[in-house]
Amino acid sequence: MLLGAVAGLFAGLFGIGGGLIMVPVLAMLFAAQGFAPGQVMIMSVATSLATIILTSIASVIAHHRLGAVIWDKVWRLVPGIMAGAVLGTVIADRISGEVLRIVFVIYLLYVSLQLALQRKPNVGGKPSSRLQDHAMALLTGSLSAIIGIGGGSLTVPYLVHFRIPIRNAVAVSSACGLPIAIAGTAGYILLGFKAPLLPEWSLGYIYLPAFAGIVLTSVLTAPIGAKLAGIVPAQKLKRYFALLLLIMAAKMIWL
């Protein structure tokens with residue numbers, strides 16, 4: 001529940017999915033609880049992804065009420081995103097927990113660097129083509145399912161580069177996070193249904209007690225974080241958040 005509260009607060013404050021916080025902390029907790037070493041990472045990723053379903057629904061509703069979602073763009077991206085998410089779960093199930101951990105650490109380092117440098121997406125010269133959208137959707141869905149995130153750190157820069165205003169890009173990315181979470185969660189449930197050595201109260205690779213605790217508090221703190229974003233000096237806080245991600249990456253290297 002404490003993890004959910006913190007992840008929800010950071011997600012609302014920085015506009016970055018709570019998966020970046022949830023996955024490394026869940027991996028540490030699951031390892032400490034004696035889960036099978038080869039399943040610690042995939043269960044952390046799957047559980048994180050499952051919690052994103054509920055937070056994404058709330059976020060999509062809020063953006064839709066503000067009229068910020070470009071639904072034509074969302075519907076173009078959704079098929080590739082869902083296909084990619086399913087593919088990502090299959091890849092995560094096939095590779096070792098060690099490789100999965102390394103992939104997540106690399107992504108943590110990438111995001112922390114982007115935050116520390118305050119990098120803003122480059123704006124290109126023309127709208128994206130249908131082929132570009134399909135390719136990006138497949139890549140985003142796959143990587144998001146593999147590391148347990150909603151994909152905003154990939155989708156937003158892509159959309160802004162192709163001349164979609166940042167406000168709409170965030171809204172479209174938020175809407176795309178829901179199909180990623182749904183398809184990815186379904187994949188992890190099916191793939192882990194008969195996996196050996198899973199702890200009690202697991203639904204496939206999803207650990208239900210952790211899912212319930214995170215959801216109970218994250219849905220309450222995410223709106224608080226969104227409100228604080230307009231009050232606190234977010235640019236300075238992003239550097240502290242980047243430092244936190246670096247510490248988590250270092251911790252996961254020696255997990």
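At least one side-chain heavy atom of Lys73 sits under 4.5 Å from a side-chain heavy atom of Ser128. Side-chain atoms of Tyr205 and Asp93, non-hydrogen and from C-beta on, do get closer than 4.5 Å to each other. Annotation: side chain of Ile214 is in contact with side chain of Leu26 (closest heavy-atom distance under 4.5 Å). Between Leu143 and Tyr107 there is a side-chain heavy-atom pair separated by less than 4.5 Å. Side chains of Pro157 and Gln114 form no contact here, defined as non-hydrogen atoms less than 4.5 Å apart. Within the 4.5 Å cutoff, side-chain heavy atoms of Leu154 are placed close to those of Met136. Looking at Lys251 and Pro24, their side chains never come closer than 4.5 Å, going by heavy atoms from C-beta outward. Residues Val69 and Asn168 form no side-chain contact, since every pair of their non-hydrogen atoms from C-beta on lies 4.5 Å or further apart.
Of the listed residues (Val74, Leu54, Ile57, Ile81), just one forms a side-chain contact (heavy atoms from CB on, under 4.5 Å) with Leu178, and that residue is Ile57.
Hydrophobic clustering (ILVMFWY, side-chain heavy atoms < 4.5 Å, transitive): Val25 and Ile102 are in distinct clusters. Leu198 and Leu29 fall within the same hydrophobic cluster, where Ile, Leu, Val, Met, Phe, Trp and Tyr residues are linked whenever their side-chain heavy atoms come under 4.5 Å apart, directly or through other members. Under the 4.5 Å side-chain contact rule for hydrophobic residues, Ile182 and Leu87 do not share a cluster. Residues Ile42 and Leu190 fall into different hydrophobic clusters, defined by Ile, Leu, Val, Met, Phe, Trp and Tyr side chains chained together at heavy-atom separations under 4.5 Å. Linking ILVMFWY side-chain heavy atoms closer than 4.5 Å, directly or via other members, places Tyr188 and Ile95 in a single hydrophobic cluster.
Under the 3.5 Å distance criterion, the side-chain polar atoms of Ser56 are left unmatched by any main-chain donor or acceptor of Ile53. Of the possible donor and acceptor atoms, none in the side chain of Thr140 sits under 3.5 Å from a partner among the backbone N and O of Ala137. For Arg101 (side chain) and Met252 (main-chain N/O), a donor-acceptor pair under 3.5 Å exists by modelled atom type. Looking only at distances, a side-chain donor or acceptor of Thr47 sits under 3.5 Å from a matching main-chain atom of Tyr207. The backbone N or O of Pro196 lies less than 3.5 Å from a partner atom in the side chain of Gln39, making a donor-acceptor pair. A donor-acceptor pair is defined here as one N or O able to donate and one able to accept, closer than 3.5 Å; no such pair exists between the side chain of Ser144 and the backbone of Gly141. Remark: the backbone N or O of Ala5 is paired with a side-chain donor or acceptor of Thr221 at under 3.5 angstrom. In this structure, the side chain of Ser48 does not engage the main chain of Ser44 through any donor-acceptor pair within 3.5 Å.
Applying the 6.0 Å contact sphere to CH2 of Trp201 captures no more than 12 heavy atoms from other residues, nucleotides or ligands.
In this structure, CG on Leu244 lies 4.5 Å from CD1 on Ile21, to the nearest 0.5 angstrom. Annotation: the span from Phe211 atom CZ to Met22 atom CE amounts to 10.5 Å, rounded to 0.5 Å. Here Arg76 contributes atom CZ and His134 contributes atom NE2; the two are 7.0 Å apart, rounded to the nearest 0.5 Å. Atom-to-atom distance recorded for Leu139:CG and Tyr158:OH is 10.5 Å, nearest 0.5 angstrom. Rounded to the nearest 0.5 Å, atoms CE (Met1) and OG (Ser218) are 10.5 Å apart. Distance CH2/Trp75 to CG/Asp133: 15.0 Å, rounded to 0.5 Å.
The aromatic rings of Phe30 and Phe35 lie parallel to each other, with less than 30° between the two planes, well short of the 60° mark.
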